[in-house]
Structures are given as C-alpha cells and as structure tokens.
**Q** 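For reference, the structure I am asking about is given below.
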Amino acid sequence: MHDRVDATDARLLGALAQSPRATVLALAERTGLSRNTVQARLARLETRAVLRPFERRIDPAALGHPLVAFVAVQVVQRRLDAVADALAAVPEVIEVLGMSGQMDLLVQVVARDADDLYRVAAVVLAVDGVERTTTSLVMRRLVDHRVLPLLERMADGDHGDRPRS
C-alpha cells in the first residue's frame with residue numbers, strides 16, 4: 001500500500017505529468033522547489049512505487065494493431081498466478097487486472113483486425129486454468145488514462161475525502 005502523497009508531491013507529480021521529459025531543474029523551476037528537494041522527493045516517490053516504471057505510451061495502432069478489446073476471464077482460482085503468467089507471454093495482451101465480481105480478470109488486448117482478434121481471444125481461452133471468457137470490442141476511447149485531475153485537486157489541498165457541495 002502506498003503512503004498518501006502530500007500537496008507538494010502532488011504539485012511535483014502534476015508538473016511531471018504535464019511534462020514527462022522535464023529535467024529535475026525544470027521541475028524545480030516550475031514548482032518553486034529547490035533542485036535538491038525535487039530530486040529527493042522523486043527518489044522517495046520511486047522507492048515507494050508511487051512512480052511506476054517509465055514506458056512511453058505507444059499507440060498499438062502504429063504497430064499495426066488498431067483494434068482494442070477487453071476480455072473478461074473466469075479462471076480456476078488455484079491457477080490464477082499461472083494464468084496471469086501465461087497471459088503475460090502473449091504479445092497482444094496489453095494489461096491484465098485482477099477483478100472482484102463474476103469475472104476474475106480483465107484483460108486488455110490488441111489485434112490487427114477482426115480475424116486476428118478472434119485468434120487472440122482463442123489464445124486467451126486456451127490458457128490452462130481459464131474457464132470462460134467474454135470479449136468486448138472498444139468502439140472509441142472517450143477518456144484516456146489520466147491522473148492529472150487528481151493531482152491538481154490534491155495540490156490544492158483537497159484530498160477528496162470530504163463531500164463536495
């Protein structure tokens with residue numbers, strides 16, 4: 001479990017989210033913090049796993065995989081870790097989330113076309129320990145992955161733990 005970030009961390013993370021390539025010096029100037037403070041806080045945030053490993057977000061469509069789908073997966077519980085490992089070995093699997101509810105995993109996949117999606121879904125279903133799958137095609141991305149609005153609210157001192165009026 002992560003320790004909560006404070007308002008200063010939120011300001012720093014917000015500046016980093018807006019300019020991921022910014023140097024420590026640029027972040028210091030933007031946030032009004034000293035370079036040493038920025039460097040120390042970034043190191044602490046990395047140690048606490050608040051900052052995840054960096055990988056530029058590459059659009060799979062540019063790699064010839066324009067279709068995105070989510071596959072809800074029901075698994076044999078004692079095989080959950082093995083299923084996750086097997087799914088991690090499938091290149092078209094972008095993300096795997098453990099879920100509560102009727103399905104155990106939500107798997108984001110990409111494909112070249114409908115026939116390729118059929119193949120990828122079959123690969124997922126064939127994993128030892130997978131009992132059932134349901135595939136839903138993404139028609140359009142309406143809100144991309146983001147955390148900046150949360151950071152901005154925290155930087156303003158609002159941690160979202162009080163009712164909004």
**Q** Considering non-hydrogen atoms only, spot the tightest contact between Gly14 and Leu151 and give its length.
**A**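 The pair with the smallest heavy-atom distance is N-CD1, 3.7 Å.
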
**Q** Could you measure the distance from the CZ atom of Arg11 to the CG atom of Asp6? Nearest 0.5 Å is fine.
**A** 9.0 Å

**Q** Same cluster for Leu106 and Val127 if Ile/Leu/Val/Met/Phe/Trp/Tyr side chains link at under 4.5 Å?
**A**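 Each belongs to a different hydrophobic cluster.
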
**Q** Among Leu105, Thr133, Asp128, which residue satisfies the side-chain contact (heavy atoms from CB on, under 4.5 Å) criterion with Val75?
**A**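 Single side-chain contact (heavy atoms from CB on, under 4.5 Å) partner of Val75 among Leu105, Thr133, Asp128: Leu105.
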
**Q** Identify the two heavy atoms, one from Met154 and one from Val5, that lie closest to each other, and give their separation to 0.1 Å.
**A**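 Between these two residues, the closest heavy atoms are CE-O, 3.1 Å.
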
**Q** Which residue in the set Leu42, Leu33, Thr37 passes side-chain contact (heavy atoms from CB on, under 4.5 Å) when paired with Leu27?
**A**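 Looking at Leu42, Leu33, Thr37, the match for Leu27 under the side-chain contact (heavy atoms from CB on, under 4.5 Å) is Leu42.
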
**Q** Do you reckon Val96 sits in the same ILVMFWY cluster as Met103, going by side-chain contacts under 4.5 Å, direct or chained?
**A** no

**Q** As an exercise, state the distance from CD of Gln108 to CD of Glu95, rounded to the nearest 0.5 Å.
**A** 6.0 Å

**Q** How far does CD of Glu131 sit from CG of Leu125, to the nearest 0.5 angstrom?
**A** 11.0 Å

**Q** Stepwise, does the side-chain contact (heavy atoms from CB on, under 4.5 Å) test hold for Leu13 with Val50?
**A** CA-CA 10 Å; Leu13 291 169; Val50 172; 4.0 Å; yes

**Q** Looking only at heavy atoms, what is the nearest atom pair of Leu67 and Asp113, with distance?
**A**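 Shortest heavy-atom contact: CD1-C, 3.2 Å.
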
**Q** Compare every heavy atom of Leu12 with every heavy atom of Thr31, then report the nearest pair and how far apart it is.
**A** CG2-CA, 4.0 Å

**Q** Under a single-linkage definition using a 4.5 Å side-chain heavy-atom cutoff for Ile, Leu, Val, Met, Phe, Trp and Tyr, are Val76 and Leu87 assigned to the same hydrophobic cluster?
**A** no

**Q** State whether Arg119 and Asp116 are salt-bridged, where the test is any N-O pair (Lys NZ or Arg NE/NH1/NH2 against Asp/Glu carboxylate O) under 4.0 Å.
**A**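 A salt bridge is present here (some side-chain N lies under 4.0 Å from a carboxylate O).
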
**Q** So if you build clusters from Ile, Leu, Val, Met, Phe, Trp, Tyr with side-chain heavy-atom gaps below 4.5 Å, do Val71 and Met139 land together?
**A** yes

**Q** Taking a hydrophobic cluster as the set of Ile, Leu, Val, Met, Phe, Trp and Tyr residues connected by side-chain heavy atoms closer than 4.5 Å, whether directly or through intermediates, do Val83 and Val124 fall within one such cluster?
**A**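 They do share one cluster, since a chain of ILVMFWY contacts under 4.5 Å joins Val83 to Val124.
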
**Q** I want to check something: taking the side chain as every heavy atom from C-beta on, are Arg48 and Asp9 in contact at a cut-off of under 4.5 Å?
**A** yes

**Q** Would you call Arg79 and Asp104 a salt bridge, using N to O less than 4.0 angstrom?
**A**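 No.
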
**Q** If you take all heavy atoms of Val110 and Ile94, which pair is closest and at what distance?
**A** CG1-CG1, 3.6 Å

**Q** Can you see which heavy atom on Val147 is nearest to which on His145, and at what distance?
**A** CG1-NE2, 4.5 Å

**Q** Less than 4.5 Å apart, any side-chain heavy atom of Glu92 and any of Val123?
**A**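 Side chain of Glu92 against side chain of Val123, heavy atoms only: no contact under 4.5 Å found.
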
